[in-house]
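Positions are given from 1 along the sequence.
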Amino acid sequence: MSSQFIRQAIVERRCVNAWYEDYIRVFCPRTIGRDKAGAEVVGAFQYGGGCPGGVSFSGKRWWF
């Protein structure tokens, strides 16, 4: 998934699906930035799909 795709989703306020760390994630990207090492990172709200350790009771969580 390209950063341009994520940027466009943020501008259009769309949610997206992605395969990440062996799980399908359903999330709403909110920000794009860089970590201390300079790698691009996305701040997003995940509301569906899976994640390591399972999804929380509410089924929702923020991740960066």
Using 0.5 Å steps for rounding, measure from the CD1 atom of Ile32 to the CD1 atom of Ile10. 4.0 Å
Drop me the distance from Phe27's CZ to Tyr47's OH, to the nearest 0.5 angstrom. 9.5 Å
Counting distance only, does the side-chain N/O of Arg25 pair as donor-acceptor with the main-chain N or O of Gly50 below 3.5 Å? yes
What pair of heavy atoms forms the shortest contact from Ala9 to Pro29, and how long is it? CB-CG, 3.9 Å
Selection residues 6-15 - residue pairs positive for side chain to side chain donor-acceptor pair (under 3.5 Å), sequence neighbours left out: Arg7-Glu40, Gln8-Glu12, Glu12-Arg14
